[in-house]
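This report refers to the structure that appears directly beneath it.
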Amino acid sequence: MTAIDPTAHLTAEQIEELGRELDAIRDEVIADRGEKDAAYIRKVISAQRTLELASRGVLLFSIFPPAWVLGTAGLSVAKIMDNMEIGHNILHGQWDWMRDPKIHSTTWEWDHVSPAEQWKHSHNELHHTYTNVIGKDNDLGYGIMRVDEDQKWHPFHLGQPLWNFLNACFFEYGIAAYDLELGKNLHKRRRKNPEFRARAKAVGRKIRKQVLKDYVIHPLLSGPSFLPTLAATFTANLVRNIWTHSVIMCGHFPEGVQVFERRSIKGETRGQWYLRQMMGSANISGSKAMHFMTGNLSHQIEHHLFPDLPSNRYAEVAVKVRALFEKYELEYVTGPLPKQVFSAWHKVVRLSLPNKKPAVKTPDREQELVAA
Amino acid sequence: MTSTALRSRAWKLLEMVTTPLLPSDYLDLVSPLRAGADLRGRIEAVHPETGDAATIVIRPGRGWRGHTAGQYVRIGVDVDGVRLWRAYSLTSPTSRQDGRVTITVKAIPDGKVSNHLVRRAKPGTLIQLDQPTGDFVLPQAKPAKVLYLTAGSGITPVMGMLRDTEFDDVVMVHCAPQPQDVIFRNELHDLVADKKLRLTEVHTDTDGILDIARLDELVPDWAERETWACGPAGLLDAAEEHWAEHGVQERLHTERFRPSIVVTGDGGEVTFSATGKTVDADGATPLLDIGEEAGVLMPSGCRMGICFGCVTPLKAGAVRDLRTGEITEAEPGVLIQTCVSAAAGPCDIER
C-alpha cells in the first residue's frame, strides 16, 4: 500500500508465470520428500527431549551457580527448539505426510500457553491466508501497534515501544491473548459467548499446567534449589519469549516489507497470492545454526510461499526463490538478525508518532537490495 | 490407599512434570518395546525365502498378547518416510520360545510395503504393531482329516498352522508358478519326507491354473476334510462354489487378503459416513465444497491447502490432490485435506 508499488512493472501474465514457477519449486520438493526428511525431524525431536531432560536434571542442583547457568542455557535452547523448529512447523502440517500420529498437526501440543488448536486457527488460517492485509491479518501489529503509515494513528500508539517491549517479555501470553482475540472479546456481550468461554477455559487450563510445571513442580523437585530453579525457568521462558518475538518481528515488520489493502485481494489469483507473500515477508541471513534456532523462520519468505513444506528444505528452496526475485526484479528483503531487529524496532518507534498522509515512501537504504 | 491408586497418582504427578508431553514420550526414547508403550516391534532378521519373498523376524513389545495359528497382524512400516500399514499372516508357531514372531512377505509388483520389507528392511528397525487378529484359525477340537488349499502367498497363514499343530492326516494342495516360487519349499518337503504331510504342488506356469474339479483326482476324499483355503480371489470364489455345490460349505474356511479393491477414476460417489449422506462428485470439485453443499458440517480453514484446518479421515476409496494430481488411497489413519482433494472414484469421508 505504499505510494510506489514495487510490483507495478509486472504484467498479469508475468505474475501467473511466476506462480507457475513457484508451483514447480514446490512440486520438486514434494517429489523428493522422504526418508531423510523424516529422519531429520525425528532427530531434532529426540535431541530436544534429551536436552530438556538433561537441563531440568542439572537444574535440580541449581543452587550451585555453574549448574544454574548451564541448566538455564540448556532449558532456554530446548524451549526455543520446541516452539520454533518443532512446534511451529509441525503445527503447520509440514510433517503430516509422514502419517505418524505422534508427529502430526492434529495431535501435537507445544510448550506454550496458547493451545495448539487455537494458535493454528489464528496463525495458519488467518495470518497465512491474509498475510499483511490491513484489517484481515491481525499479525500486523498484533492489534496493539501501528506498523504502517496507512494505519490510523491514535494517541494510544505513543506507548507502543513500551507495549512492544512488554509483549516481547511475555510473548507466549501475548500470543495466547491474541489467539483468543481478547481485545475484541472482552466486551460485555461477547464475554458471555459460549464459544469464547470454552476457548478461554482451554487457555486457562493450558496456562495452569504450564505454570504448575515450570514454577511449582520442578522447583519443588529441586528441594533446596527451589528458588534458583524457579529463577532459572523464569529466565528460560523470558529468553525464549524475547528470542521468538524478535524472530517473528523480523518476518513482517522490517522496512521494505509491503502491506496491502483489503480490496487489493479481492479475486486474487494464485500468482497474485504468491506475489503478496513474497512482498509481505522478510528473511534473516546467517549461519546454519541461526536458521535452526529460528525454526527456519529466517526463511520467512520461503515459509510464506510454502508453509507446508518441511522446514529443513527452506534453505535449498531459498536459492531458487531468490533467483525468481531477481528475474522478476523484486526486492528480496533480508539481512542479519541485529539489522532486521533494529529495522523493525525503528519502525515501531517511528510509527508511534503520527505521520503526514499520504506517506511517500522512498526505498530504504538499510535494506539489502537484491533487485535494482 | 491401594497400590493402584498410588500408582495412578504418581503417574499424574509425572504427567505434570512432563506436560505438554507425556512421560511415555520420554520413555519411548530409551525403551520403545517396554510394557505399557504403544505396541511396537523390532525387526531382528530378514531371511530370504524365494526370489521375491522373505521372512521377517520381529521381536514384539512387551504388550504383545500372542496369536493363534492362522491369524494375521497389521504392521506399520515407514517407507520413504511415510508410515504405511499392511496386514501379514504370522508364520511362526505359537510355541516359539524366544518371544519372537515371524511374518513372511511376498513382494508384489509396485507393492510399496512388500518390496520394502523383502528388499530393504534392515535389522534393528522399529515398526508399529497391532495385536494379532483374524478368525482363519484351527478349531479347539482336532479334525480327523485336514486339507490345506493354497496359492502363492496364501500359503503363509497355513504355514503358521502347519508349524503349530500336527494332525494325523494332512493334505496340502499348493499352487505357484514354478517350483522355485514355492515359499517354504524345503520345509514342506522335509515334512513330506517325515510323513507328516502329503503335498501336491501345482505349477501354474506349466500345469495352468488349478481347475477346482481336479480336486476329485488330487484329493479324492476332499469333501470329508476340514479345509482351510487361502489365495487369490479367483481360487477362493471357485472353492466356495465347489464346496457349496456339494453341500459341505461348513467344512471350508477361507481367508481373503484384499477384500476390496480401490477403484480409481475421475470423480465418484462420496459417502459422508458419520452423517450418513451420499452424493455424486466430479473429479475437479474439492470434497470440502461437495460436503458443504450436501449440508455436512465440514471443518474448514484457508481453503487453499495451507492451514491443515480441514483434515478429515479417509475411510475408504481414493482421492486426488488437485494441486499435484497425486492419488491417496484409504488406509487406517490416513487423513486428507478436503479443500484440495477431489474424489478419485467412490470414497468414504468420515464426517
Side-chain angles (χ1 to χ4, degrees), chain A residues 23 26-27 30-31 33-41 45-46 49-50 52-53 56 82 87 91-102 104-106 108-112 115-116 120-121 123-130 206 209-210 212-213 216-218 221 270 273 304 306-308, chain B residues 12-30 32 37-38 40 76-85 116 120 122 125-126 128 299-314 321 323-326 328 331-337 339-340:
Chain A
D23 276 337
R26 181 175 187 276
D27 292 347
I30 287 180
R33 202 168 56 178
E35 208 170 312
K36 267 195 209 156
D37 303 282
Y40 169 79
I41 191 65
I45 291 171
S46 38
R49 287 177 184 168
T50 310
E52 175 161 359
L53 214 55
R56 300 259 191 201
D82 171 276
L91 292 177
H92 258 292
Q94 289 182 8
W95 302 97
D96 281 13
W97 58 273
M98 287 162 57
R99 297 187 185 170
D100 181 343
K102 302 225 159 170
H104 200 277
S105 63
T106 55
W108 194 263
E109 194 50 83
W110 55 348
D111 185 345
H112 197 287
K120 276 194 293 183
H121 170 74
H123 180 86
N124 291 4
E125 194 180 325
L126 301 182
H127 167 57
H128 273 269
T129 313
Y130 302 113
K206 188 81 195 285
K209 277 186 174 177
Q210 290 287 105
L212 204 61
K213 168 183 76 160
V216 180
I217 305 276
H218 282 282
L221 286 174
R270 178 104 179 125
W273 182 84
H304 262 268
F306 314 114
D308 59 345
Chain B
K12 283 242 166 68
L13 182 73
L14 207 55
E15 279 178 3
M16 287 203 272
V17 171
T18 60
T19 191
L21 300 180
L22 294 171
S24 61
D25 291 322
Y26 290 98
L27 292 170
D28 283 352
L29 290 180
V30 283
D38 289 352
R40 301 182 183 92
V77 191
D78 293 338
V79 181
D80 294 332
V82 182
R83 182 154 306 163
L84 301 173
W85 286 84
H116 177 87
R120 287 178 51 207
K122 288 201 184 66
T125 308
L126 274 186
Q128 314 297 313
S300 69
C302 66
R303 309 189 83 95
M304 55 191 298
I306 60 169
C307 85
F308 288 72
C310 66
V311 292
T312 305
L314 176 64
D321 188 317
R323 300 165 298 179
T324 58
E326 195 193 347
T328 302
E331 270 177 54
V334 166
L335 299 173
I336 53 156
Q337 292 174 273
C339 73
V340 288

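Below, chains carry the letters A, B, ... as their sequence lines are ordered, and counting in each starts from 1. Predicted model, so just to flag it, every value in this text is computed and none were measured. Values reported hereafter were calculated over all heavy atoms of this structure, with side chains retained and with hydrogens, waters and symmetry mates removed.
- Both the backbone and the side chain of B:Val17 come within contact range of chain A, with heavy atoms under 4.5 Å apart.
- Atom NE2 of A:His121 is separated from atom CG of A:Leu126 by 4.0 Å, given to the nearest 0.5 angstrom.
- At least one side-chain heavy atom of B:Asp78 sits under 4.5 Å from a side-chain heavy atom of B:Arg83.
- Neither the backbone nor the side chain of A:Lys120 comes within contact range of chain B, judged by heavy atoms closer than 4.5 Å.
- Listed options B:Gly309, B:Gly305, B:Gly333, B:Cys302 were ranked by heavy-atom pairs under 4.5 angstrom with chain A; first place goes to B:Cys302.
- Annotation for B:Pro23 and B:Glu15: closest pair CD-CG, 3.6 Å, computed over non-hydrogen atoms.
- Here the side chains of A:Lys102 and B:Asp38 are in contact, with some heavy-atom distance below 4.5 Å.
- Of the two parts of A:Lys36, neither the backbone nor the side chain holds a non-hydrogen atom closer than 4.5 Å to a non-hydrogen atom of chain B.
- Of all the listed residues (B:Leu21, B:Asp28, B:Leu13, B:Thr328), the one sharing the greatest number of non-hydrogen pairs under 4.5 Å with chain A is B:Leu21.
- Between B:Trp85 and B:Gln128, the closest side-chain pair of non-hydrogen atoms falls below 4.5 Å.
- Heavy atoms of A:His128 lying under 4.5 Å from chain B belong to its backbone as well as its side chain.
- When all heavy atoms of B:Pro20 and A:Lys206 are compared, the closest pair comes out as CB-CE, 4.2 Å.
- Options A:Ala31, A:Ala116, A:Pro307, A:Gly93 differ in how many heavy-atom pairs under 4.5 Å they form with chain B, and the most are formed by A:Gly93.
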Q) For A:Glu35 and B:Arg120, what are the C-alpha separation, side-chain angles and deciding distance, and is it a salt bridge (charged side-chain N to carboxylate O under 4.0 Å, His left out)? A) CA-CA 13 Å; A:Glu35 208 170 312; B:Arg120 287 178 51 207; 2.9 Å; yes
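- Contacts between A:Ile41 and chain B at a heavy-atom distance below 4.5 Å are absent for every atom of the residue.
- With a 4.5 angstrom heavy-atom cutoff, B:Glu331 touches chain A only via side-chain atoms.
- Residue with the most contacts toward chain B among A:Asp23, A:Leu53, A:Asp37: A:Leu53 (heavy-atom pairs, distance under 4.5 Å).
- Summarising the geometry, atom OH belonging to A:Tyr40 is positioned 10.5 Å from atom CD1 belonging to A:Ile45; distances are rounded to the nearest 0.5 Å.
- Ranking A:His218, A:Glu109, A:Lys213 against chain B, the residue ahead of the rest is A:Lys213, based on heavy-atom pairs under 4.5 Å.
- In this structure, the portion of A:His104 lying under 4.5 Å from any heavy atom of chain B is its side chain and not its backbone.
- The contact between A:Asp96 and chain B is made entirely by side chain atoms (from C-beta outward), counting heavy-atom distances below 4.5 Å.
- Separating the CD1 atom in A:Ile30 from the CG atom in B:Asp321 is a distance of 7.5 Å, to the nearest 0.5 Å.
- Of the two parts of B:Asp25, the backbone and the side chain both hold a non-hydrogen atom closer than 4.5 Å to a non-hydrogen atom of chain A.
- Ionic pairing of A:Arg26 and A:Asp308 is present here: one or more N-O contacts between side-chain nitrogen and carboxylate oxygen are shorter than 4.0 angstrom.
- Of the two parts of A:Asp100, the backbone and the side chain both hold a non-hydrogen atom closer than 4.5 Å to a non-hydrogen atom of chain B.
- Contacts between A:Trp110 and chain B at a heavy-atom distance below 4.5 Å involve the backbone alone (N, CA, C, O).
- Only the side chain of A:Arg270 comes within less than 4.5 Å of a heavy atom in chain B; its backbone stays farther off.
- Only the side chain of A:Thr106 comes within less than 4.5 Å of a heavy atom of chain B; its backbone N, CA, C and O stay farther away.
- Looking at B:Ile306, both its backbone and its side chain come within 4.5 Å of chain A, counting heavy atoms on both sides.
- Here A:Arg49 contributes atom CZ and A:Asp82 contributes atom CG; the two are 9.0 Å apart, rounded to the nearest 0.5 Å.
- For the pair B:Pro299/B:Thr312, a side-chain contact is recorded, criterion being any heavy-atom separation below 4.5 Å from C-beta on.
- When each of B:Thr18, B:Val79, B:Thr324, B:Val334 is scored by its heavy-atom pairs under 4.5 Å with chain A, the top score falls to B:Val334.
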